[in-house]
There are 2 protein chains.
Amino acid sequence: MVQEVGDLNLSVGYALKQAAAALRTAMDAGLRPLGLSVSQYSCLELLGQRPGLSAAELARGAFVTRQSMHAVLLGLEERGLLERAATAPQGRALPTQLTAAGRAALTSASRIVAAVEQRMTQTLTAGGRDRLHADLIACVAALSTDPAEAGGDNPSAALDANQSALPSDNPASALGPDSSPE
Amino acid sequence: MVQEVGDLNLSVGYALKQAAAALRTAMDAGLRPLGLSVSQYSCLELLGQRPGLSAAELARGAFVTRQSMHAVLLGLEERGLLERAATAPQGRALPTQLTAAGRAALTSASRIVAAVEQRMTQTLTAGGRDRLHADLIACVAALSTDPAEAGGDNPSAALDANQSALPSDNPASALGPDSSPE
DNA sequence: GAGCGTATGTCAGGATGCTGACATGGTGCA
DNA sequence: TGCACCATGTCAGCATCCTGACATACGCTC
């Protein structure tokens with residue numbers, strides 16, 4: 001009854017880890033020419049889709065802690081890719097926005113990342129991609145609906161995929177803008 | 001033509017990252033009572049399935065560099081969970097094996113991880129799990145069949161799911177994954 | 001046998017991310 | 001009003017992992 005992991009090659013978790021590692025490596029390699037790390041790109045992408053996000057919100061969206069995101073923000077700000085409000089208009093949250101240079105960098109980076117993602121899913125059908133996406137979201141939901149996982153600076157307490165944190169833009173349909181090239 | 005990422009909530013890559021982060025967090029939380037990190041558990045699990053693996057082989061299996069695995073091995077060896085041959089029977093590779101304590105720790109850890117994985121996939125059907133697994137493997141294969149990604153200490157150059165390193169494999173599971181179109 | 005390429009183990013340094021902690025600003029409640 | 005509570009920004013310390021480098025051991029070719 002007490003189940004163990006069994007053959008790793010049959011483990012969904014192992015495959016998930018493997019896929020995430022491969023994706024990260026590919027993104028890293030693709031973004032390196034731009035001088036961007038995956039974390040930095042994630043930050044830019046989030047800001048591009050939702051200008052004015054605070055550091056803590058960005059951290060949740062990128063699955064890192066506030067502290068890590070803080071360091072990322074410092075680097076990007078120093079490079080002139082984003083601006084942070086000097087004073088908090090309300091509360092302590094400092095809204096962050098991309099600069100023109102930041103938007104330009106994001107455009108290049110986003111193209112690269114989209115190509116990587118397209119390459120990753122090239123052997124799947126369009127329906128297969130949606131199915132995989134839905135399965136992954138279901139896994140996230142199943143793991144996050146656990147009492148023990150909530151609270152604190154836990155990065156996994158991130159914005160879940162169809163929720164409030166990114167409300168402004170949810171116009172796209174199931175077959176988003178980047179589907180079915182070819 | 002030039003595709004960008006589009007809405008993050010529709011991105012398979014984003015969902016993959018999210019799922020991997022959630023899984024890692026859940027595993028971390030589950031393993032903490034045992035005093036094991038995810039990397040340490042991965043190492044034990046690999047050794048349990050394939051005694052005598054070298055550090056470099058373990059590194060590939062756990063998607064980290066040899067150097068990182070080296071540090072993990074030192075820690076586990078110091079805790080008496082594994083033994084490394086003092087001299088290389090052939091080449092430079094030092095075969096590594098679990099001690100009795102290591103096997104005991106692995107049994108506990110494996111149970112915990114299996115429970116996490118089971119929880120993660122609880123909303124999927126058995127066929128859905130296999131499908132997800134197959135899709136993930138397909139993604140890994142698609143990313144790794146790129147010339148630019150090969151070589152060096154790259155952790156993503158790991159043992160792919162149907163290869164020599166874990167001989168007991170049978171990745172094409174019995175339920176017939178119809179989802180690998182090619 | 002000498003030379004080359006590759007794989008491995010190992011050390012040193014640095015980048016990244018996390019935990020812990022503290023101060024500040026907002027909110028809810030007695 | 002006062003106070004507990006929570007979210008945020010930020011600093012300090014530590015763990016993990018990576019890149020770079022070097023030495024060693026094997027297989028291959030000449």
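A note on names: the letters A, B, ... follow the listed sequences, proteins ahead of strands, and every chain is numbered from 1.
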Expressed in angstrom and rounded to an integer, what is the separation of B:Phe63 atom CZ from D:dC18 atom P? 12 Å
For B:Leu74 and C:dA12, give me the distance from atom CG to atom P, rounded to whole Å. 13 Å
Taking the nucleotide of DNA chain C with the nearest heavy atom to each, does A:Gly91 or A:Gln40 sit closer to the 5' end? A:Gln40
Taking all non-hydrogen atoms of both residues into account, name the closest pair between B:Leu44 and B:Ala105 and its distance. CD1-CB, 4.4 Å
Between B:Arg131 and B:Asp135, is there a side-chain N and carboxylate O pair less than 4.0 Å apart? no
B:Thr65 side chain near D:dC17 phosphate (N/O to OP1/OP2, under 4.0 Å): no
For D:dT16, take OP1 and OP2 only and decide whether either is under 4.0 Å from a side-chain N or O of B:Arg24. no
Distance below 4.0 Å between B:Arg66 side-chain N/O and D:dC22 OP1 or OP2: no
Using whole Å, what does the distance between atom P of nucleotide D:dA15 and atom CD of B:Glu78 come to? 13 Å
Using OP1 and OP2 only, check whether a side-chain N or O of B:Ser68 sits under 4.0 Å from D:dC18. yes
Whole-Å distance between D:dA15 C1' and B:Leu31 CG? 17 Å
Using whole Å, report how far CG of A:Leu94 lies from P of C:dG26. 12 Å
According to a 4.5 Å side-chain heavy-atom criterion applied to Ile, Leu, Val, Met, Phe, Trp and Tyr, with indirect links allowed, do A:Leu74 and A:Leu82 form part of one hydrophobic cluster? no
Is the shortest side-chain N/O distance from B:Arg60 to OP1 or OP2 of C:dT8 below 4.0 Å? yes
Counting only side-chain heavy atoms from C-beta out, which of D:dT8, C:dG9, D:dG9 sits nearest to A:Glu57? D:dT8
OP1 or OP2 of C:dG9 versus the side-chain N and O atoms of B:His70: is any pair under 4.0 Å? no
First of B:Arg92 and B:Asp28 reached from the 5' end of DNA chain C, by closest nucleotide: B:Arg92
Whole Å only: how far is the CG atom of B:Leu36 from the C1' atom of D:dT16? 15 Å
Take the protein atom CD of A:Gln90 and the nucleotide atom C1' of C:dT24, then report the distance between them rounded to whole Å. 13 Å
What is the distance, to the nearest angstrom, from the CG atom on B:Leu73 to the P atom on C:dT10? 9 Å
Regarding C:dG20, can its base be found pairing with the side chain of A:Gln67 as donor and acceptor, where the two atoms are less than 3.5 Å apart? yes
Taking any heavy-atom pair under 4.0 Å as a contact, classify B:Ser39: base, sugar-phosphate, or nothing. sugar-phosphate
Find out whether B:Thr96 and B:Leu47 are in side-chain contact, i.e. whether some heavy atom of one side chain is under 4.5 Å from a heavy atom of the other. yes
5'-most contact on DNA chain D (nearest-nucleotide basis), A:Arg32 vs A:Arg84, goes to A:Arg84
Salt bridge flag under 4.0 Å for residues B:Asp28 and B:Arg24: no
